[in-house]
Chemist: 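This is the structure, below, for whatever I ask next.
In what follows, chains are A, B, ... by sequence order, proteins preceding strands, each numbered from 1. Not measured: the values here are computed from a predicted model.
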Number of protein chains: 2
Amino acid sequence: MKPSSSPPIPLKLATSDATSDATSATKSATKSAGTTPPSAPSKRGGARPGAGRPAGQGRYGEATKPVRLPVSMIDEIMDYVATGGRQPLPLFSCAVAAGFPSPADDHLEGSLDLNDYLVKHPAATFFVRVSGDSMINAGIHEDDILVVDRSIEARHGKIIIAAVDGQLTVKRLHHKSGKTMLMPENDRYEPITISDEASMVIWGVVTNVIHSV
Amino acid sequence: MKPSSSPPIPLKLATSDATSDATSATKSATKSAGTTPPSAPSKRGGARPGAGRPAGQGRYGEATKPVRLPVSMIDEIMDYVATGGRQPLPLFSCAVAAGFPSPADDHLEGSLDLNDYLVKHPAATFFVRVSGDSMINAGIHEDDILVVDRSIEARHGKIIIAAVDGQLTVKRLHHKSGKTMLMPENDRYEPITISDEASMVIWGVVTNVIHSV
DNA sequence: ACTTTTGAATAAAGTACAGTATTCTAATAT
DNA sequence: ATATTAGAATACTGTACTTTATTCAAAAGT
């Protein structure tokens with residue numbers, strides 16, 4: 001699928017090459033000088049400094065440099081470049097503005113890159129799609145996507161992803177007087193007591209919940 | 001693979017300049033073979049097909065091609081390439097596995113790229129940081145980040161970002177019998193009736209809520 | 001027989017170059 | 001005076017070419 005909805009790069013169509021044969025034109029003019037009166041050659045477009053194509057008129061509005069890239073990634077890279085690279089999108093805030101009516105800038109907090117914001121440890125991060133509503137009071141709903149970081153230590157009170165009896169669950173981890181429990185946040189569910197620590201494998205700590213409205 | 005099976009004639013042009021002194025000296029020494037016996041040159045490393053550096057031994061393990069890139073993005077691109085390009089992280093699911101104990105693969109749903117998932121229209125998307133708890137029952141908490149898409153039509157029932165009297169708010173949009181209202185989802189707040197449509201500017205429709213646990 | 005040395009073969013990498021595209025102005029035409 | 005045109009200047013672009021790096025096996029050494 002090609003989600004390139006916004007083409008910010010103006011692609012210029014290659015026109016045919018009628019205009020660019022300066023050399024041959026000059027040559028023919030020089031050659032024809034013998035047959036044509038010497039005054040014939042047009043004298044338009046005088047020689048002068050400052051003529052020529054201005055810089056920054058290229059596809060990218062700036063200088064370019066050839067770089068070698070693995071062939072398998074070239075398409076993806078071109079896409080990446082065409083969409084302006086990593087796209088930190090603007091971040092606004094609902095905070096009460098100083099005066100009003102308030103221009104957009106009064107609300108502008110800066111810009112935000114989702115990957116930077118949500119994925120602090122790319123090699124240790126994965127996602128989990130939620131099923132069930134056992135953590136509804138923690139704001140975790142069915143079909144939400146959880147951002148999970150394996151590199152964060154699973155401490156008491158953290159919301160974790162754990163495999164219990166081969167079943168993947170999201171619960172809040174409780175360590176209390178030597179006992180380990182997995183606490184749901186929904187009155188209709190009961191806490192799970194972990195009698196044998198070996199029967200539970202903690203996959204990681206939930207850092208964010210992504211909910212679709 | 002390589003359409004040109006015929007080996008091109010390897011012509012080496014002596015273009016080096018810095019070494020020209022030494023080279024020419026050596027050359028002349030070598031060339032003036034009168035001094036050196038013709039049998040002298042070592043015969044090791046015999047000529048044979050199949051010798052040479054194997055393909056795929058380069059930095060990327062595959063063929064490369066020079067591509068022109070805007071200079072301002074080269075560093076970023078090299079980073080992008082070095083990290084393996086866009087990194088769709090694994091997505092798991094809590095769904096009940098067929099058997100157990102269940103290996104991780106039983107839960108693997110695929111992979112997910114956050115930007116693809118959350119930002120459908122990059123040019124029309126921005127983020128809003130939430131303040132206040134007027135939408136708490138919609139699962140929107142203080143300091144959550146909202147993903148907002150300007151290109152989605154603000155219909156009745158959608159959660160929207162609107163500027164009312166210069167104040168940015170998130171509410172559910174109600175159109176009812178010709179009246180427009182902004183509905184909070186928290187009993188402690190009152191609906192806002194929009195008497196003058198001109199006093200409200202709808203910025204966009206909320207598509208996702210990102211919550212930090 | 002085994003190890004070490006050596007140069008050819010070949011791929012990788014970077015860059016220079018030739019060809020192309022574009023703009024500006026003087027010369028010409030209206 | 002105004003509009004049009006042609007040509008020079010110069011930036012953009014892709015790729016061919018040079019240079020560098022690496023591997024392999026034959027030859028030489030032990």
Chemist: Indicate, with a heavy-atom threshold strictly under 4.0 Å, whether A:Pro54 touches base, sugar-phosphate, or nothing.
Modeler: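 The answer is sugar-phosphate, as A:Pro54 gets under 4.0 Å only of primed atoms, P, OP1 or OP2.
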Chemist: I'd like to know if B:Asp116 and B:Arg86 make a salt bridge, using a cut-off of under 4.0 Å between side-chain N and carboxylate O.
Modeler: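 A salt bridge links B:Asp116 with B:Arg86.
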Chemist: With A:Thr169, which residues qualify under side chain to side chain donor-acceptor pair (under 3.5 Å), at least two apart?
Modeler: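 Result, side chain to side chain donor-acceptor pair (under 3.5 Å) vs A:Thr169: none returned.
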Chemist: Distance check needed: D:dA11 P versus A:Glu62 CD, whole Å only.
Modeler: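 About 15 Å, once rounded to whole Å.
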Chemist: Output the rounded distance in Å from CZ (A:Arg59) to P (C:dT22).
Modeler: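 In whole Å, C:dT22 P lies 11 Å from A:Arg59 CZ.
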Chemist: So, for A:Pro90 and B:Thr125, which heavy atoms are closest and what is the spacing to 0.1 Å?
Modeler: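 Closest pair (atom of A:Pro90, atom of B:Thr125, distance): CD-O, 4.2 Å.
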Chemist: Once salt bridge (charged side-chain N to carboxylate O under 4.0 Å, His left out) is applied, do any residues pair with B:Asp143, and if so which ones, sequence neighbours excluded?
Modeler: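 In terms of salt bridge (charged side-chain N to carboxylate O under 4.0 Å, His left out), with neighbours along the sequence ignored, B:Asp143 is linked to no residue.
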Chemist: Just how far, in rounded Å, is P of C:dG14 from OH of B:Tyr60?
Modeler: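 Those two atoms, OH and P, are 8 Å apart.
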Chemist: Specify the separation, in whole Å, of atom CZ of B:Arg68 and atom C1' of C:dC17.
Modeler: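 Between C1' of C:dC17 and CZ of B:Arg68: 11 Å.
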Chemist: Looking at A:Arg53, I'd like to know whether one of its side-chain N or O atoms comes within less than 4.0 Å of OP1 or OP2 on C:dT25.
Modeler: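 Answer is no, no contact under 4.0 Å.
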Chemist: Output, in order, the C-alpha distance, side-chain angles, deciding distance and verdict of side-chain hydrogen bond (donor to acceptor under 3.5 Å, both in side chains) for A:Glu185 and A:Ser134.
Modeler: CA-CA 6 Å; A:Glu185 306 219 346; A:Ser134 66; over 6 Å; no
Chemist: Would you say C:dA12 has OP1 or OP2 under 4.0 Å from some side-chain N or O of B:Thr64?
Modeler: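 No, because none of the side-chain N or O atoms of B:Thr64 sits under 4.0 Å from OP1 or OP2 of C:dA12.
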Chemist: Show your working on side-chain contact (heavy atoms from CB on, under 4.5 Å) between A:Phe127 and B:Glu109 and close with a plain yes or no.
Modeler: CA-CA 10 Å; A:Phe127 306 118; B:Glu109 247 188 75; over 6 Å; no
Chemist: How do B:Gly58 and B:Gly52 order along DNA chain C: which one's closest nucleotide is nearer the 5' end?
Modeler: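 Looking at DNA chain C, the more 5' nearest nucleotide goes with B:Gly52.
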Chemist: Starting from P on D:dT13, measure out to NZ on B:Lys65 and report it in whole angstrom.
Modeler: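 B:Lys65 atom NZ is separated from D:dT13 atom P by 14 Å.
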Chemist: Need to verify one output field. Residue with the more 5' nearest nucleotide on DNA chain D, B:Pro66 or A:Gly56?
Modeler: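 Its nearest nucleotide lies further toward 5', so the answer is A:Gly56.
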Chemist: Counting heavy atoms from C-beta on, name the nucleotide in D:dA16, C:dA9, D:dA25 closest to the side chain of B:Arg48.
Modeler: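 Given the options D:dA16, C:dA9, D:dA25, the side chain of B:Arg48 is closest to D:dA25.
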Chemist: Once you round it to whole Å, what is the distance between C1' of D:dA11 and CD of A:Gln57?
Modeler: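 A:Gln57 atom CD is separated from D:dA11 atom C1' by 9 Å.
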Chemist: Cut-off 3.5 Å, side chains only: do B:Ser72 and A:Glu62 have a donor facing an acceptor?
Modeler: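 Result is yes, a qualifying pair exists.
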Chemist: What is the separation between atom CG on B:Leu69 and atom P on D:dC12, rounded to the nearest whole Å?
Modeler: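 My rounded result for the distance is 14 Å.
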Chemist: Name every residue in residues 70-78 of chain B that has at least one heavy atom under 4.0 Å from any atom of DNA chain C, in order of residue number, or write none if there are no such residues.
Modeler: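 Those residues whose heavy atoms fall under 4.0 Å from DNA chain C, taken from residues 70-78 of chain B, amount to none.
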